[in-house]
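Some notes on the structure that comes next.
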Amino acid sequence: MTRSKITIPQLQSWKHEHRKITMLTAYDYPVAKLLDEAGIDVILVGDSLGMVVLGQPNTTGVTMEQMLHHAKAVRRGVSSALLVGDMPFGSFHATPEEAIRNAARFVQEAGCEAVKLEWHPGVERIAEAIVRTGIPVMGHVGLTPQTASQTGGFIVQGRDEASAQRILDAALALERAGCFAMVLECIPEPLAQDITTRLSIPAIGIGAGRYCDGQVLVTYDLLGLFQAFTPKFVKRYADLSGTITEAVSRFKQDVEQGKFPGAAQVYHIKQTTEARKVTETKATLQANR
Ligand code: KIV
């Protein structure tokens with residue numbers, strides 16, 4: 001059954017209906033298609049691309065060109081989910097004009113329906129400028145990987161009163177700037193619950209506990225494809241690393257033992273009936289030797 005298109009007003013109404021929003025990351029066509037067909041509401045082309053697909057140590061090396069390249073592939077696999085492009089480090093930091101230009105590239109070149117911006121002080125003005133051009137913006141507060149080196153690394157944020165207040169203020173500032181939803185990453189559950197209640201837009205948590213309006217995970221974490229490290233908040237729903245290693249080992253063994261390709265995987269030349277009979281007879285004689 002085909003799903004209807006997920007819209008931003010729909011997601012926003014779900015907050016008030018207490019219907020949970022599901023969001024996952026995708027970086028290529030086949031996975032995007034599977035997520036969309038499984039009924040995921042929001043698909044994010046995350047800049048986690050850098051770490052889980054490109055093998056980089058963090059997300060700061062990811063470029064606009066890389067994001068657009070992957071977002072275009074994801075677009076081809078998504079028909080119902082809302083497609084969000086993650087603005088990479090450096091693409092929205094210099095001037096509002098440059099941020100608008102880059103946000104527009106996600107829409108015009110890759111077919112995204114919204115962009116996501118990680119919090120840093122002052123980013124609310126950038127978010128507001130992008131929203132004013134008509135491009136929907138999702139905010140991202142708490143652990144913000146693009147500036148993790150400034151905030152103590154990939155660790156839980158908002159554990160003390162002052163930093164909890166800063167995260168709450170950031171979320172409220174981005175909401176005032178016109179963001180349509182907010183990612184809350186890696187913060188204590190009570191803080192996430194408080195922010196979720198205070199925001200009138202949906203709060204989508206990742207490592208932010210049970211009381212957000214929705215949940216997002218990096219798909220490669222959920223599928224057990226990214227092995228470098230697994231944060232505590234990840235639940236693995238599959239072990240694709242194990243499945244792939246096992247399948248590839250069987251392929252290697254089959255090739256080495258002459259079992260692949262087998263009769264089912266080979267092509268035949270066109271033969272007359274007479275020639276086919278001769279070939280079959282030869283094959284039978286050979287098999288009976
Ligand atoms: O880049 C990403 O995958 C993200 C999610 C963790 C929300 O920003």
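Atoms within a ligand are numbered from 1 in the order they appear, just like the ligands themselves. For this chain, numbers begin at 1 and follow the sequence in order.
- A donor-acceptor contact shorter than 3.5 Å is absent between the side chain of H16 and the backbone of R19.
- Below 30°, between 30° and 60°, or above 60°: for H120 and H93 the angle between ring planes is below 30°, a parallel geometry.
- Within the 3.5 Å criterion, the main-chain N or O of V74 finds no donor-acceptor partner in the side chain of K33.
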Write out each pair where an N or O from ligand 1 and one from the protein are under 3.5 Å apart, with the distance.
{"residue": "ligand 1", "atom": "1 (O)", "partner": "D47", "partner atom": "N", "Å": "3.1"}
{"residue": "ligand 1", "atom": "1 (O)", "partner": "D47", "partner atom": "OD1", "Å": "3.0"}
{"residue": "ligand 1", "atom": "1 (O)", "partner": "S48", "partner atom": "N", "Å": "3.0"}
{"residue": "ligand 1", "atom": "1 (O)", "partner": "S48", "partner atom": "OG", "Å": "3.3"}
{"residue": "ligand 1", "atom": "1 (O)", "partner": "D86", "partner atom": "OD2", "Å": "3.1"}
{"residue": "ligand 1", "atom": "3 (O)", "partner": "S48", "partner atom": "OG", "Å": "2.5"}
{"residue": "ligand 1", "atom": "8 (O)", "partner": "K116", "partner atom": "NZ", "Å": "2.9"}

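- Ion pair E109/R75 not flagged as a salt bridge, since none of the NZ, NE, NH1 or NH2 atoms sits closer than 4.0 Å to an Asp/Glu carboxylate oxygen.
- Within the 4.5 Å cutoff, the side chain of L24 has no heavy atoms near those of the L44 side chain.
- Looking only at distances, no side-chain donor or acceptor of D213 sits under 3.5 Å from a matching main-chain atom of I204.
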